[in-house]
**Q** 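Submitted below is the structure of interest, expressed as structure tokens.
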Amino acid sequence: MARTETIVAAATPPGRGGIGIVRISGPRTPEFAITLLGQLPSPRVATFGRFLDAKQEPIDAGLALYFPAPLSYTGEHVLELQGHAGPVVVDALIARVVELGGRRALPGEFTQRAFLNDKLDLTQAEAIGDLVEAGSRAAMRSLQGEFSVMVKGLTEAVIELRTYVEAAIDFPEEEIDFLADRALAERLQAVRDLFDVMEQSARQGRLLREGMTVVIAGRPNAGKSSLLNRLAGYDAAIVTALPGTTRDVLRERIDIDGMPLHVLDTAGLRTALDVVEEEGIRRAQAEMLRADRVLFVIDAQQDPAGHAYQDERERLPADVAVTLVFNKCDVAVGVPCADTGAGPPRLTLSAHTGQGIDTLRAHLKSCMGYHALDGGTVSARSRHLEALARARAHVEEAARQLSERRAGELVAEELRTAQQDLGEITGEFTTEDLLGRIFSGFCVGK
Ligand SMILES: Nc1nc2c(ncn2[C@@H]2O[C@H](COP(=O)(O)OP(=O)(O)OP(=O)(O)O)[C@@H](O)[C@H]2O)c(=O)[nH]1
Ligand SMILES: [Mg+2]
């Protein structure tokens with residue numbers, strides 16, 4: 001395929017949205033830019049302009065970005081026109097470029113050119129494809145499988161409890177003793193614990209969809225910025241041997257096997273030397289409050305016992321999940337403390353050489369609720385969460401009836417209703433009415 005052609009395509013999905021981006025790549029890009037905009041925008045500077053048709057009438061107005069070769073995504077001259085989203089405007093712009101001598105791009109052609117121009121290697125090009133195509137879908141499916149297995153487990157536990165209570169009712173003379181039995185209270189507590197686990201899992205469903213926020217924190221010079229760079233795969237943050245290099249919060253969006261992760265690098269935690277550093281530390285602490293997980297980085301060479309964490313612990317948010325990351329294992333003598341089971345999970349790695357980074361990725365993945373389980377078809381939608389909440393309320397009511405009134409019939413009735421609510425999730429007790437509601441949410445032709 002001749003790469004002398006200049007190609008054009010919409011870079012944003014079709015339909016209405018905030019902005020619509022048309023991307024042009026190839027040798028004739030500068031010429032097209034001058035015709036379309038009346039001028040060649042300065043390289044890499046967002047320039048406001050009108051996008052003109054053949055009669056010099058504006059098709060749209062917006063921002064133009066010009067990336068001269070080779071400093072562009074494809075390695076060729078690239079022009080991006082950011083206009084108003086809407087199929088008509090975007091199509092008119094593409095048609096105008098075709099009129100000028102451009103050609104509509106084939107699927108993946110921009111990335112293919114990036115590869116041919118040595119901008120990406122093949123695995124990177126493939127990774128882009130995987131990310132767009134399938135990454136998060138596969139991840140979601142695995143979570144869905146786990147979710148349905150859990151619903152079934154919970155339903156069985158409720159049924160077992162209910163059977164136990166109903167058996168007690170069948171022997172009225174022994175009913176009171178039965179209901180006072182500690183074993184029953186324990187079973188009921190086990191079911192409530194299962195509800196806690198389910199709620200946790202539903203929260204993980206949110207993490208998978210929206211992405212988990214991970215804050216990298218620790219003492220200055222521990223290697224926090226180096227770790228961010230290693231995870232991001234490029235030098236996003238400045239790294240120097242000077243403690244106190246990072247002052248502001250730096251955010252990177254990272255994907256692990258298609259799962260989104262928001263990673264924040266922060267200023268090192270210590271007694272600030274000046275007001276800028278003080279503000280940086282204040283911001284670091286504010287971000288930790290909002291984090292789903294804190295990666296507390298420790299310099300394993302200087303501090304193999306992790307004293308920094310012990311000292312800093314009480315200033316960390318009380319309920320945030322923490323992972324201790326012992327960094328610089330390439331130079332640390334002796335292996336820092338292993339995971340003891342008590343306290344936060346510990347990992348040993350080197351941001352410098354990359355050793356242990358795969359384990360960190362796997363750890364983050366498991367924190368997000370990714371498991372290799374597959375097979376179920378239930379996903380954590382709001383319908384499921386509502387049914388779960390209703391079921392839980394009935395179990396709580398059953399617990400109250402048991403402890404306050406020892407009323408076997410009422411306990412059994414609450415459990416029966418809870419079981420029915422859970423059955424709605426898996427479809428066991430789904431009424432016509434509910435089916436109608438569910439399928440009306442699908443689009444025509446699906
Ligand atoms: N040997 C070795 N050096 C490392 C490693 N990670 C970071 N360093 C070095 O440690 C120093 C500090 O690294 P940074 O990543 O800037 O540390 P930081 O925690 O972001 O520091 P502040 O921004 O000052 O809080 C630099 O000289 C890095 O090259 C590692 O895994 N091994
Ligand atoms: Mg830093």
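One-based numbering, in listed order, for ligands and for the atoms of each. Computed from a prediction, not measured in an experiment: that's the story for all the values here. The residues of the chain are indexed from 1 along the displayed sequence.
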**Q** For atom 6 (N) of ligand 1, what is the nearest protein heavy atom, given as residue, atom name and distance?
**A** Asn327 ND2, 3.1 Å
**Q** Between the side chains of Arg113 and Ser25, does any donor sit under 3.5 Å from an acceptor?
**A** no
**Q** Only heavy atoms of Leu242, strictly under 4.0 Å: list the atoms of ligand 1 that pass.
**A** 24 (O)
**Q** Just heavy atoms, cut-off under 4.0 Å: does Ser225 contact ligand 1 by side chain, backbone, both, or neither?
**A** both
**Q** For Thr245, take its heavy atoms, then give the atoms of ligand 1 lying under 4.0 Å from any of them.
**A** 22 (P), 23 (O), 24 (O)
**Q** Measure from the Mg ion (ligand 2) to each N, O or S atom of Thr245 and report whether any distance is below 2.8 Å.
**A** no
**Q** Looking at side-chain heavy atoms only, is the closest gap between Leu37 and Phe51 below 4.5 Å?
**A** yes
**Q** Does any N or O of ligand 1 fall below 3.5 Å from an N or O anywhere on Ile238, backbone included?
**A** no
**Q** The Mg ion (ligand 2) and Thr266: any N/O/S contact shorter than 2.8 Å?
**A** no
**Q** Report, in ascending order of atom number, the atoms of ligand 1 lying under 4.0 Å from any heavy atom of Thr240.
**A** 11 (C), 12 (C), 13 (O), 16 (O), 26 (C), 27 (O)
**Q** Salt bridge check, Arg270 against Glu277: does any charged N sit closer than 4.0 Å to a carboxylate O?
**A** yes
**Q** Do any nitrogen or oxygen atoms of Gly223 lie less than 3.5 angstrom from nitrogen or oxygen atoms of ligand 1?
**A** yes
**Q** Can you confirm, on distance only, whether ligand 1 has an N/O atom lying under 3.5 Å from any N/O atom belonging to Ser350?
**A** yes
**Q** Once you restrict to heavy atoms under 4.0 Å, what part of Asp330 touches ligand 1? Side chain, backbone, both or neither.
**A** side chain
**Q** State the atoms of ligand 1, each with its element, that fall below the 4.0 Å cut-off from a heavy-atom position in Lys224.
**A** 15 (O), 17 (O), 18 (P), 19 (O), 20 (O), 21 (O), 22 (P), 25 (O)
**Q** Give me the residue, atom name and distance of the protein heavy atom closest to atom 27 (O) of ligand 1.
**A** Ala241 CA, 3.4 Å
**Q** For ligand 1, find out whether one of its N or O atoms is nearer than 3.5 Å to an N or O atom of Thr353.
**A** no
**Q** Considering heavy atoms of the protein only, find what lies nearest to atom 3 (N) of ligand 1 and give residue, atom and distance to 0.1 Å.
**A** Lys328 CD, 3.9 Å
**Q** Can Arg346 be said to sit on top of Phe326's aromatic six-ring, NZ or CZ under 6.0 Å from centre and within 45° of the ring axis?
**A** no
**Q** Answer yes or no: does an N/O atom from Thr266 fall short of 3.5 Å to an N/O atom of ligand 1?
**A** no
**Q** Under 4.0 Å from ligand 1, counting heavy atoms only, is it the side chain of Asp265, its backbone, both or neither?
**A** neither
**Q** Should His352 and Ser226 be marked as a side-chain hydrogen bond (donor to acceptor under 3.5 Å, both in side chains) after you check the CA-CA gap, both sets of side-chain angles, and the distance that decides it?
**A** CA-CA 7 Å; His352 197 59; Ser226 305; over 6 Å; no
**Q** Should the ring pair Phe296 and Tyr309 be called parallel, tilted or perpendicular, given that the plane angle runs from 0 to 90° and is split at 30 and 60?
**A** perpendicular
**Q** Compare Ala284, Cys329, Ser226 and give the one whose heavy atom is closest to atom 7 (C) of ligand 1.
**A** Ser226
**Q** Taking heavy atoms and a distance under 4.0 Å, where does Asn221 meet ligand 1: side chain, backbone, both or neither?
**A** both
**Q** Are side-chain heavy atoms of Val239 and Thr245 found at a separation under 4.5 Å?
**A** no
**Q** Is Arg219 salt-bridged to Asp299, cutoff N-O under 4.0 Å?
**A** no
**Q** Does Ala267 reach ligand 1 with a nitrogen or oxygen that is under 3.5 Å from one of the ligand's nitrogen or oxygen atoms?
**A** no
**Q** Check this for me - ligand 1, Val331, N or O atoms closer than 3.5 angstrom, yes or no?
**A** no
**Q** For the residue pair Tyr73 / Glu80, report whether a side-chain donor-acceptor contact shorter than 3.5 Å exists.
**A** no
